[in-house]
There are 2 protein chains.
Amino acid sequence: MSLRYGLLDLLAGEPMSGYDLARYFTLSMGNVWPAQHSQIYPELAKLASEGLITQTGEGPRGRKVYQTTPAGVEAIRAWLRASERDYSVRYEALLRVFCLWVLPTDEALAYLQRDRAEYERHLDQLEKALANHDWAASPASRASRLAIEFGRRFYKMHIEWVDWAAEQIAAGTLKPGGPLPPVTAVG
Amino acid sequence: MSLRYGLLDLLAGEPMSGYDLARYFTLSMGNVWPAQHSQIYPELAKLASEGLITQTGEGPRGRKVYQTTPAGVEAIRAWLRASERDYSVRYEALLRVFCLWVLPTDEALAYLQRDRAEYERHLDQLEKALANHDWAASPASRASRLAIEFGRRFYKMHIEWVDWAAEQIAAGTLKPGGPLPPVTAVG
DNA sequence: GTTTGACATGTAATTCTTGACACGTCAAGC
DNA sequence: GCTTGACGTGTCAAGAATTACATGTCAAAC
């Protein structure tokens, strides 16, 4: 049920096509709620049939531009207000960390370094998005800005954590009789 | 495909029943990969039929204790080494932040404060887990320790971010003509 | 004795998500 | 004229995940 509200939100901010949504989603909401176009198009059709969005224009190559209706905005409000909040996180990259002890120490370290490069990439991408996009354009943009900031802090923290974890592993934490990682002060 | 490796990993660390797994999962891996017992039991049956785990004991009330076989451990290694890494994050709580601009400022602030309490709760729970569990017991435990530390930093960062976002919203960021959140130095 | 609550394992229907397939348009470069 | 690549919309089958259903055991409190 989350995807639909993401779409409603983006289309309330500015009119867009499914194609645009698929791309824009990847850059903003896609960081916390991935969605493929194969999921987006059917959902748009459904939202339109429920009157929560309307097609307000068309373009070349069958392009269809949608926009959220007042009823659609009200649906977002109802969702925020009434539905139970789901705080669960799904993050495979971290699940894999639980398993690292089955690898030799050097391989585990190499594993984390590859992850680290990925987090640097994500961070760069967010910094670029912060620099290139006009985040003052509208209330919707400024809300996105807040969420993007979360991503920025997330990846910064992530990189720091990788370095810390690598230290621990290098010290032999994952091998029998190795030292226990200390409870360090953070923040 | 991730769940099975989570189960293999836990059962490689120590023998457990499906019931134990469901509870233990919630406390550790569940923070990054939620799973219900209705998904765990069928997966255990499948893993057993593939020879990646074996039932090594039983207890009262039909309790079945499983353990990962050497082939199962090898399957974890193959997964870590060969399969494509998935860095995607699914986190509804953050998706909702993108939508906050449709609420009045005071309601958006109240919304975030309720979230904040939840993150405090998560942080407390992780700190308790760190204090109460013996994380030196085995290489598997010490790997978990590293992942739990990630969660700890995650929720600390999360709370700091909420406070920052609340400041921005209080300053009127989400309303037409409001100020743009600044790019602040972090870390 | 019986009730309550934690222990314990499963199945079934529905919904969500992914990945592959499928089709067609338009502009630019060769 | 043709090819390439981005644009653009969609469907379908398979797999993953959630929710509700379903059943039964055991110990302790009443």
Side-chain angles (χ1 to χ4, degrees), chain A residues 1-8 10-11 15-27 29-50 53 55-66 79 83-92 95, chain B residues 1-8 10-11 15-27 29-50 53 55-66 79 83-92 95:
Chain A
M1 289 306 286
S2 303
L3 172 63
R4 67 169 18 208
Y5 297 105
L7 298 176
L8 282 174
L10 289 177
L11 293 176
M16 259 186 270
S17 68
Y19 188 82
D20 294 336
L21 282 166
R23 270 191 326 177
Y24 193 66
F25 218 83
T26 302
L27 292 172
M29 294 175 177
N31 287 303
V32 293
W33 199 268
Q36 311 296 319
H37 77 273
S38 59
Q39 207 181 352
I40 291 173
Y41 286 117
E43 192 64 42
L44 286 175
K46 218 178 149 203
L47 286 170
S49 81
E50 293 173 35
I53 62 175
Q55 192 183 333
T56 58
E58 49 190 305
R61 294 167 245 198
R63 175 186 172 88
K64 296 178 187 173
V65 176
Y66 295 97
W79 179 59
S83 74
E84 265 187 50
R85 305 189 192 179
D86 176 4
Y87 292 99
S88 68
V89 178
R90 204 170 278 279
Y91 191 23
E92 197 199 85
L95 179 67
Chain B
M1 288 305 289
S2 303
L3 172 63
R4 68 170 18 209
Y5 297 105
L7 298 176
L8 282 174
L10 288 177
L11 293 177
M16 258 187 271
S17 69
Y19 188 84
D20 294 336
L21 282 166
R23 270 191 326 177
Y24 193 67
F25 220 82
T26 302
L27 293 172
M29 294 176 176
N31 286 302
V32 293
W33 199 266
Q36 312 295 321
H37 77 271
S38 59
Q39 208 183 350
I40 291 172
Y41 285 118
E43 192 63 43
L44 286 175
K46 219 177 147 202
L47 287 169
S49 80
E50 293 173 34
I53 62 175
Q55 192 183 331
T56 60
E58 50 192 301
R61 295 166 246 199
R63 176 186 172 87
K64 297 177 188 175
V65 176
Y66 296 97
W79 179 61
S83 76
E84 264 187 49
R85 304 186 193 181
D86 176 4
Y87 291 99
S88 68
V89 178
R90 202 171 280 280
Y91 191 23
E92 198 200 84
L95 179 68

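Residue numbers begin at 1 in each chain, while the letters A, B, ... track the order of the sequences.
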In whole angstroms, the gap separating C1' of dA27(D) from CZ of R63(B) amounts to 16 Å
Rounded to whole Å, the OH-P distance (Y91(A) to dA17(D)) equals 17 Å
Per-helix bend value, the helix from dG1(C)-dC30(D) to dC30(C)-dG1(D), C1' rotation axes over five pairs per end, 10° rounding, shows 10°
With sequence neighbours left out, the residues meeting side-chain hydrogen bond (donor to acceptor under 3.5 Å, both in side chains) with R85(A) are D115(B)
For Y87(B) and Y91(A), the nearest pair of non-hydrogen atoms, with its separation, is O-CE1, 3.6 Å
Could you check whether any side-chain heavy atom of L7(A) comes within less than 4.5 Å of a side-chain heavy atom of I53(A), counting everything from C-beta outward? no
So the contacted stretch of DNA chain C, first to last nucleotide with an atom under 4.0 Å from a non-hydrogen atom of chain B, runs from dA6(C) to dT18(C)
Whole-Å distance, F25(B) CZ to dA17(D) P, equals 10 Å
Phosphate contact (dT9(D) OP1 or OP2) by Y19(A) side-chain N/O below 4.0 Å:
no
In whole angstroms, the gap separating P of dT11(D) from CD of E43(A) amounts to 13 Å
Only distances under 3.5 Å count here; give the side-chain donor-acceptor pairs of residues 31-41 of chain B to other protein atoms, sequence neighbours excluded, each with its distance to 0.1 Å.
residue	atom	partner	partner atom	Å
N31(B)	ND2	L27(B)	O	3.2
N31(B)	ND2	S28(B)	O	3.3
Y41(B)	OH	Y19(B)	N	3.4

On DNA chain C, more 5' by nearest nucleotide between K64(B) and S88(B) is K64(B)
Hits for salt bridge (charged side-chain N to carboxylate O under 4.0 Å, His left out) against R23(B), two or more places apart or cross-chain, chain-then-number order -> D20(B)
Enumerate the protein-to-nucleotides 19-25 of chain D contacts in which both atoms are nitrogen or oxygen and the separation is below 3.5 Å.
residue	atom	partner	partner atom	Å
dT19(D)	O4	S38(B)	OG	2.7

Across all chains, not counting sequence neighbours, the side-chain contact (heavy atoms from CB on, under 4.5 Å) partners of E58(B) are Q55(B)
For Y66(B), the ring pair (Phe, Tyr, Trp, His ring centres under 6.0 Å) test, sequence neighbours excluded, returns none
Sugar-phosphate only, base, or nothing, as touched by R90(B) at under 4.0 Å among non-hydrogen atoms:
sugar-phosphate
Rounded to whole Å, CG of L44(A) lies from C1' of dG8(D) at a distance of 13 Å
E92(B) atom CD is separated from dT18(D) atom C1', nearest whole Å, by 13 Å
Atom CG of L95(A) and atom P of dA16(D) are separated, to the nearest Å, by 14 Å
Sorted by chain and number, sequence neighbours left out, side-chain hydrogen bond (donor to acceptor under 3.5 Å, both in side chains) with E92(B) holds for S2(A), R96(B)
TODO: State, with a plain yes or no, whether a side-chain heavy atom of L95(A) is found less than 4.5 Å away from one of Y5(B).
DONE: no
Atom OH of Y41(A) and atom C1' of dT11(D) are separated, to the nearest Å, by 13 Å
side-chain hydrogen bond (donor to acceptor under 3.5 Å, both in side chains) filter on R4(B), not counting sequence neighbours, yields E43(B), E50(B)
query = R23(B) near the nucleic acid: base, sugar-phosphate alone, or nothing, with a heavy-atom cut-off under 4.0 Å?
reply = sugar-phosphate
Residue set satisfying side-chain hydrogen bond (donor to acceptor under 3.5 Å, both in side chains) with D86(A), at least two apart, ordered chain then number -> S88(A)
Rounded to the nearest 0.5 angstrom, the CG-CG distance for L47(A) and L11(A) is 8.0 Å
